Asks: 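The structure follows.
Below, read A as the first sequence line, B as the second, and so on, with proteins coming before strands; counting in each chain starts at 1. Keep in mind the model is a prediction, meaning the values are calculated, not measured. Because only heavy atoms are used, hydrogens play no part in the values below, and waters and symmetry mates are left out as well, while side chains stay in.
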Protein chains: 2
Amino acid sequence: LVKIKDLKKYYRVGDERIEALRGINLDIPQGEFISIVGTSGSGKSTLLNIMSGLERPTKGEIIIGKASLNKIKEKRLSDFRRDNIGFIFQSYNLLAPLTALENTVLPLIFRGIGKKEREIRGKEILKIVGLEDRMHNRPNQMSGGQQQRVSIARALINNPKIIFADEPTGNLDSKTTEEILELLIKSAKENNSTLVMVTHDPVVAARADRSIHLKDGLIIKEEIFNHE
Amino acid sequence: LVKIKDLKKYYRVGDERIEALRGINLDIPQGEFISIVGTSGSGKSTLLNIMSGLERPTKGEIIIGKASLNKIKEKRLSDFRRDNIGFIFQSYNLLAPLTALENTVLPLIFRGIGKKEREIRGKEILKIVGLEDRMHNRPNQMSGGQQQRVSIARALINNPKIIFADEPTGNLDSKTTEEILELLIKSAKENNSTLVMVTHDPVVAARADRSIHLKDGLIIKEEIFNHE
Ligand SMILES: Nc1ncnc2c1ncn2[C@@H]1O[C@H](COP(=O)(O)OP(=O)(O)OP(=O)(O)O)[C@@H](O)[C@H]1O
Ligand SMILES: Nc1ncnc2c1ncn2[C@@H]1O[C@H](COP(=O)(O)OP(=O)(O)OP(=O)(O)O)[C@@H](O)[C@H]1O
Ligand SMILES: [Mg+2]
Ligand SMILES: [Mg+2]
């Protein structure tokens, strides 16, 4: 499903060039759960942003299904993301003036889903992540982990074909982490969705089918896990 | 040094009352390293915010040294924080238009320290957290963990008497986590500073002298650790 060929990403800061990704090659079959680990600054978020079409590569190709993300125009790219991708951001990216419920149903608004159905589906997913009594709170009226769970609810509400999760459990205690992991894995299995998860937690990383290790913008190691 | 007596904090959302803290009693001697754990939403950040004077309690007392934080006026409270407290936020709270170096030296500007000395001290602490080649990057030009480390550098640059850290290693891999922990513990020891750290990582929590467990706004357990 996801094919990455010799992917490079360079940033410019002043007259310095930062090589965030230096040549990534990776194939991810539909329905796989793959985790990405590596030290702070190794390129994990950058890789996720490019895989999901949020940023363009400097060189190389990223193909999802039949769509060549590095080639298609911005409007088509944004439609593609809206229809196929759920993204859980490392810093949540919730809209401050909106409540948990309003933030959660944003992807449904973009797909033209009516108010009544949005409310039903929004409440349902918020209940699943344990936030049914925080539905009408705005982000600054919630804890860090509660905001993270709204971000997760918003990513899942569309049953996307691919879920990209950047540190989805970084602000959660172990019990809530386990519940969220179970939710992500179960939703992915039900829809045969691909789950690509960046994490610093080796216990979380080992729940995947496969784990790739980044260091200085390159894949230095791959681990395959057998779960029963 | 820090005395908390029957501390309560209630929030109002619509016509609902959320009891974030329901009666906290805690004494922290100068120089102690205490960790605070608990599930998402249990009141950890709220407790930290009140202990450091960033929020006022609804009921109860918070005394640091001779200062009664719940009683003193806003201006005196803000001077007290500036002179005595370093705070590492769960969501970093960096200023977007400023570089890593400029964000880091903000506490020195507030204390009237001159430009030359600010630059020397800022570069020194950024080098210690491994960010000397990101000094002139703004937050959106840095990874999550790099932003977290700038937040840490900024909190330490004043050698504050009390360091409050809200999930300081949540976005860091295990190697960087260890380096940052060593730094925080070492800086605290050198200045006989008190270190109050919220964390979800039980390994990090166990590095403290003592750990308190919050659940639904109350302390339900205390653990004491003996380190050699
Ligand atoms: N400004 C606010 N208005 C309303 N409710 C709030 C506000 N701030 C916090 N809360 C609520 O108070 C409770 C405690 O929040 P707090 O941020 O202290 O939790 P926490 O233990 O730090 O959680 P996490 O581990 O998720 O960061 C939560 O249920 C939260 O929804
Ligand atoms: N917009 C940008 N401009 C300049 N440099 C950037 C930009 N975004 C990222 N970088 C740099 O690219 C490198 C990789 O960043 P990335 O966010 O992918 O790291 P990461 O592995 O997600 O780190 P963390 O674990 O800390 O979140 C970092 O060194 C960072 O400073
Ligand atoms: Mg990242
Ligand atoms: Mg918190």
Asks: How many angstroms lie between CD in B/Q141 and CZ in A/R12, if you round to the nearest 0.5 Å?
Replies: 12.0 Å
Asks: Side chain, backbone, both or neither: which part of A/S91 has a non-hydrogen atom closer than 4.5 Å to chain B?
Replies: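 Neither part; nothing is under 4.5 Å.
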Asks: Is the closest side-chain heavy-atom distance between B/I18 and A/N137 below 4.5 Å?
Replies: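 Touching, per the 4.5 Å side-chain cut-off.
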Asks: Return the option, out of A/L172, A/D201, A/T177, A/T169, with the maximum number of heavy-atom pairs under 4.5 Å with chain B.
Replies: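 Looking at each option in turn, the highest pair count goes to A/L172.
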Asks: Tell me, side chain or backbone of B/T39 under 4.5 Å from chain A's heavy atoms, or both, or neither?
Replies: both
Asks: Could you grab the distance from atom NE2 of B/H200 to atom NZ of A/K175, nearest 0.5 Å is fine?
Replies: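 B/H200 NE2 to A/K175 NZ: 12.0 Å, rounded to 0.5 Å.
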Asks: In Å, rounded to the nearest 0.5 Å, how long is the span from CD of A/Q148 to CD of B/Q90?
Replies: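 Going from CD on A/Q148 over to CD on B/Q90, the span is 9.0 Å.
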Asks: Would you give the length of the straight line joining atom OG of B/S42 to atom CG of A/D173, rounded to the nearest 0.5 angstrom?
Replies: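 Rounded to the nearest 0.5 Å, the OG-CG separation comes out at 7.5 Å.
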Asks: Calculate, to the nearest 0.5 Å, the distance between atoms CD and OG belonging to B/Q146 and A/S45 respectively.
Replies: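 Here the rounded value is 10.0 Å.
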Asks: Can you find a pair of side-chain heavy atoms, one from B/R149 and one from A/S40, that are under 4.5 Å apart?
Replies: yes
Asks: Does the side chain of A/E167 reach to within under 4.5 Å of the side chain of B/N171, using non-hydrogen atoms?
Replies: yes
